[in-house]
Structures are given as C-alpha cells and as structure tokens.
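To start, the structure itself, in structure tokens.
All values below were derived from every heavy atom in this structure, side-chain atoms included, with hydrogens, water molecules and symmetry-related copies excluded. For clarity, every value in this text was computed on a predicted model and none was experimentally measured.
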Amino acid sequence: MCTGKCSKCIGIALLPLAVCAIVSNLLLYFPNGEVLEPRRITDLVWFFHGILGAGILVFLPAFMILGAGEAKCCANRCGMVLSLVFAVLGAVGGLYCVIISSLGLISGPLCDIGDEVYIYPFRNDSLADNYLFNQTTWSICKKPENIILWNIVLFSLLLAIGMAEAILCLIQVVNSLIGFIRGLRERKTDIAGM
C-alpha cells in the first residue's frame with residue numbers, strides 16, 4: 001500500500017471542492033444575483049462555513065497532503081504527523097460546513113413576505129417541517145425572487161461538499177497514521193541493518 005499516491009489523489013480532490021465551497025458561500029451573499037443590504041441576507045451565511053470551514057481550512061491540508069504525497073514521506077515521520085494534523089483540521093472545517101449548511105436548510109431563508117417585512121417564514125412554524133419538499137409554501141416569499149430555491153440549492157451543495165471533504169480528510173488521517181507507522185518500521189529496519 002502506497003500512502004503517497006493515495007495522499008496525492010486526496011489532495012487533488014480537495015482543491016476543487018474547496019474552490020466550489022468558497023464560490024457557493026459567496027453566491028449566498030447575492031440571493032438570485034441581487035445585491036441586498038447585509039441585514040436582509042440569511043444570518044447563517046455570515047458564519048462563513050463555505051469560505052472558512054470548507055474553503056480555507058481545507059486548502060491548508062490539501063497543499064500539505066499534496067506535499068506529503070510528492071516527497072515519499074513515509075520515512076519522514078514529521079511530514080506524516082503534519083499531514084495528520086492538517087487532515088484533522090480539514091475534517092473539522094468540513095464538519096463545520098455540514099453543521100451550518102444543515103441549519104441553513106432547516107431554518108430556511110430570510111425573505112420579504114410583503115410590504116418590506118423581512119422574516120424567516122419557516123422558523124418555528126408548521127411550514128418548517130415540509131417547506132423543502134412542498135413548493136406550494138414557497139410563494140410566501142415575495143422578494144428576492146426564487147430565494148428559497150437559491151438557498152436550498154446552495155446550502156445543499158455546501159452540505160455535500162462539506163461531507164465529501166470531511167470523509168476525504170478522515171481517510172487522509174488513516175493514511176497518515178499508516179504512513180507514520182510504516183516510517184517507524186522502515187527506520188527500525190534501516191537501523192537494524194547497519
């Protein structure tokens with residue numbers, strides 16, 4: 001089993017996921033492509049779960065993992081430990097994105113229900129149970145147009161990206177542990193052979 005090749009594949013997979021997470025989170029700031037006042041944007045967007053959690057916190061391990069995969073670092077215990085630490089950091093970022101995205105899907109968007117009254121119509125309401133699958137309830141939101149679909153698509157995309165990143169980073173944690181143990185064995189074999 002070569003942990004270096006596996007690391008390279010994981011690192012390459014994490015990079016586009018992190019970019020997609022950042023773009024998706026940025027799009028949540030512009031519902032339906034409109035520029036709104038900050039107070040009229042869904043509050044969970046301001047937790048930066050795609051930019052910070054699934055974006056920056058995943059870029060760090062992706063680059064470290066790619067470096068670890070290139071350097072044939074099974075014999076380099078320090079490199080494998082750093083890869084392990086950064087992979088845990090990436091998994092935490094992915095899980096943070098999953099949690100905030102789930103909350104965003106549960107609570108629904110902030111929208112104008114008429115006369116410039118912005119509320120969360122699906123929080124603490126009987127509509128909250130089924131608004132995701134019942135498009136007839138979506139008509140309650142007048143502005144921004146298609147805000148519910150916008151939020152559902154982007155929060156769902158961030159949820160999927162966060163899950164994929166967390167899984168890939170957890171695989172890298174196992175991979176790093178295996179590489180670290182192999183590095184210890186190789187070093188012991190080299191010392192015994194002298």
Side-chain angles (χ1 to χ4, degrees), residues 1-36 41-74 76 78-109 132 144 146-180:
M1 175 182 192
C2 182
T3 58
K5 287 182 183 176
C6 184
S7 291
K8 187 173 182 178
C9 293
I10 290 171
I12 289 171
L14 286 174
L15 289 175
L17 288 171
V19 170
C20 288
I22 291 171
V23 170
S24 297
N25 197 161
L26 288 174
L27 287 173
L28 282 168
Y29 288 100
F30 305 100
N32 205 35
E34 297 176 28
V35 177
L36 299 177
I41 296 173
T42 304
D43 59 354
L44 290 167
V45 175
W46 298 102
F47 283 80
F48 303 107
H49 59 291
I51 296 169
L52 180 63
I56 295 170
L57 287 179
V58 173
F59 271 131
L60 297 172
F63 289 125
M64 180 63 200
I65 290 167
L66 285 172
E70 293 289 323
K72 296 196 181 264
C73 66
C74 288
N76 181 352
C78 181
M80 291 312 289
V81 170
L82 281 175
S83 179
L84 178 116
V85 170
F86 280 108
V88 169
L89 182 69
V92 168
L95 291 174
Y96 175 69
C97 185
V98 166
I99 291 167
I100 301 299
S101 296
S102 299
L103 291 173
L105 285 170
I106 291 168
S107 67
L132 289 171
N146 298 321
I147 183 66
I148 296 173
L149 183 61
W150 187 266
N151 272 24
I152 289 173
V153 168
L154 291 173
F155 275 117
S156 297
L157 183 61
L158 284 165
L159 178 70
I161 288 170
M163 279 195 277
E165 288 174 344
I167 290 168
L168 287 171
C169 286
L170 290 174
I171 290 170
Q172 181 59 26
V173 167
V174 173
N175 191 27
S176 295
L177 285 172
I178 291 169
F180 182 75

Working to the nearest 0.5 Å, report the span between [atom1] of [X] and [atom2] of [Y].
| X | Y | atom1 | atom2 | answer |
| --- | --- | --- | --- | --- |
| L132 | S156 | CG | OG | 7.5 Å |
| C169 | N175 | SG | CG | 11.5 Å |
| I152 | I147 | CD1 | CD1 | 10.5 Å |
| L17 | I22 | CG | CD1 | 11.5 Å |
| L105 | I100 | CG | CD1 | 11.5 Å |
| I148 | N32 | CD1 | CG | 12.0 Å |

For this session: Could you tell me whether a side-chain N or O of Y29 sits under 3.5 Å from a main-chain N or O of I41, the two making a donor and an acceptor?
Result: no
For this session: Kindly say whether G33 contributes a backbone atom to a donor-acceptor pair with the side chain of W150 at under 3.5 angstrom?
Result: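 Side chain of W150 to backbone of G33, a donor-acceptor pair under 3.5 Å: no, none is there.
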Exercise. Parallel, tilted or perpendicular: which fits the ring planes of F63 and F59, with parallel below 30° and perpendicular above 60°?
Worked result: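 Because their plane-to-plane angle is under 30°, the rings of F63 and F59 count as parallel.
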Exercise. Taking the six-membered ring for Trp, are H49 and F155 parallel (under 30°), tilted (30 to 60°) or perpendicular (over 60°)?
Worked result: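 Judged by the thresholds at 30° and 60°, the geometry between H49 and F155 is parallel.
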Can you name the nearest heavy-atom pair linking [X] to [Y], along with the distance?
| X | Y | value |
| --- | --- | --- |
| Q172 | S83 | NE2-OG, 2.9 Å |
| C20 | I161 | CB-CD1, 3.7 Å |
| P61 | F86 | CB-O, 3.0 Å |
| L44 | S107 | CD1-OG, 3.7 Å |
| P109 | N151 | CB-ND2, 3.1 Å |
| E165 | A18 | OE2-N, 3.3 Å |

For this session: Could you tell me whether the side chain of T42 reaches within less than 4.5 Å of the side chain of L28, counting heavy atoms only?
Result: no
Exercise. Given side chains that start at C-beta, do those of L66 and L15 come closer than 4.5 Å, heavy atoms only?
Worked result: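 Side chain of L66 against side chain of L15, heavy atoms only: contact under 4.5 Å found.
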Problem set entry | Neighbour count above 12 (heavy atom, 6.0 Å) for F48 CZ | yes
For this session: Can you spot which of L159, L158, L57 makes a side chain to side chain contact (heavy atoms under 4.5 Å, CB included) with C97?
Result: L158
